[in-house]
Amino acid sequence: MRVVTPGFHKRVYAAVRRVPRGRVTTYGNIAALLGAKSVARHVGWALAACTDKRVPWHRVINAAGRIHKGAEQRQLLEREGVEFIARDRVDLKRFGWPQRRKSRLT
DNA sequence: GGTTTGACCATAA
DNA sequence: CTTATGGCCAAAC
């Protein structure tokens with residue numbers, strides 16, 4: 001059963017819209033929500049092609065907690081309250097979605 | 001209908 | 001830390 005089919009992009013966007021403000025998720029996580037964790041790459045490709053402003057693409061980062069769009073994305077996240085460990089790194093243990101641990105967000 | 005272009009992840013060495 | 005490998009293809013042109 002294939003997961004990546006025509007219309008895949010739309011499903012990616014729908015999944016990304018579920019990510020709450022102030023939180024971030026990973027490409028792999030979105031892929032898992034869509035039914036196949038091995039299609040993380042496709043999620044990245046889909047988002048790269050995304051032009052829909054309703055989609056909070058900036059909340060999707062890689063599994064290492066790194067952003068890949070530089071200052072623009074960082075500032076969008078910081079405005080939502082997401083803190084950065086380094087210039088392009090987010091602590092997924094604290095801001096990742098869904099929440100993995102009991103960690104609190106002060 | 002062929003070519004190009006894209007923002008990944010886990011694992012290993 | 002870096003590099004490599006296997007998993008995997010829609011959309012726009």
Side-chain angles (χ1 to χ4, degrees):
Chain A
M1 182 64 184
R2 285 206 297 165
V3 175
V4 184
T5 54
F8 177 75
H9 286 198
K10 277 173 56 176
R11 295 206 302 287
V12 169
Y13 304 151
V16 173
R17 282 201 299 276
R18 296 172 24 127
V19 180
R21 269 181 98 257
R23 297 299 253 299
V24 295
T25 191
T26 65
Y27 299 96
N29 189 25
I30 297 297
L33 288 179
L34 297 177
K37 56 187 175 187
S38 60
V39 299
R41 252 167 102 173
H42 293 266
V43 175
W45 292 333
L47 285 177
C50 180
T51 57
D52 192 335
K53 286 180 180 289
R54 297 170 305 172
V55 179
W57 56 269
H58 54 276
R59 296 185 195 140
V60 186
I61 63 182
N62 71 23
R66 289 233 189 94
I67 60 174
H68 212 286
K69 297 297 276 190
E72 180 193 357
Q73 183 174 13
R74 187 179 76 233
Q75 283 170 38
L76 283 169
L77 290 173
E78 285 178 333
R79 190 165 14 170
E80 296 186 347
V82 176
E83 293 168 29
F84 280 68
I85 295 173
R87 197 158 101 266
D88 56 356
R89 194 131 177 241
V90 171
D91 188 347
L92 285 175
K93 286 180 172 57
R94 295 176 60 200
F95 298 100
W97 179 85
Q99 217 145 18
R100 319 205 150 152
R101 293 194 62 108
K102 302 176 181 178
S103 58
R104 81 183 67 166
L105 305 169
T106 44

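Chain letters run A, B, ... following the sequence lines, proteins first, then strands; residues in each count from 1. Side chains included, hydrogens not; waters and symmetry mates left out as well; all remaining heavy atoms used.
Across the P atoms, dC9(B) and dC1(C) are found 15 Å apart, a figure rounded to whole Å. Spacing of P atoms, dG6(C) relative to dT5(B), comes out at 24 Å, to the nearest Å. dG7(C) and dA7(B) have their P atoms separated by 23 Å, with the value rounded to a whole Å. Rounded to whole Å, the separation between the P atoms of dT4(B) and dC8(C) comes to 24 Å.
For Pro6(A), taking side-chain heavy atoms from C-beta onward, the closest of the listed nucleotides dC9(B), dA11(C), dG6(B) is dA11(C). The nucleotide whose nearest atom lies closest to any side-chain atom of Leu47(A) is, among dC8(B), dA10(C), dA7(B), dA7(B). Distance from the side chain of Thr26(A) is smallest to dC9(B) among dC9(B), dA10(C), dC1(C). The side chain of Arg41(A) has dC8(B) as its nearest neighbour among dA11(C), dA7(B), dC8(B). Of the candidate nucleotides dA10(C), dA7(B), dC1(C), dC1(C) has the atom nearest to the side chain of Arg66(A).
A salt bridge is absent between Arg23(A) and Glu80(A): the closest approach of a Lys/Arg side-chain nitrogen to an acidic carboxylate oxygen does not fall below 4.0 angstrom. Between Arg54(A) and Asp52(A) a salt bridge is recorded (basic side-chain N to carboxylate O distance below 4.0 Å).
Each of Trp45(A) and Gly28(A) was matched to the nucleotide of DNA chain B holding its nearest heavy atom; the match closer to the 5' end belongs to Trp45(A).
A distance of 9.5 Å separates CZ in Arg18(A) from OG1 in Thr25(A), rounded to the nearest 0.5 Å.
Checking the phosphate oxygens (OP1, OP2) of dC9(C), a side-chain nitrogen or oxygen of Arg2(A) falls inside 4.0 Å.
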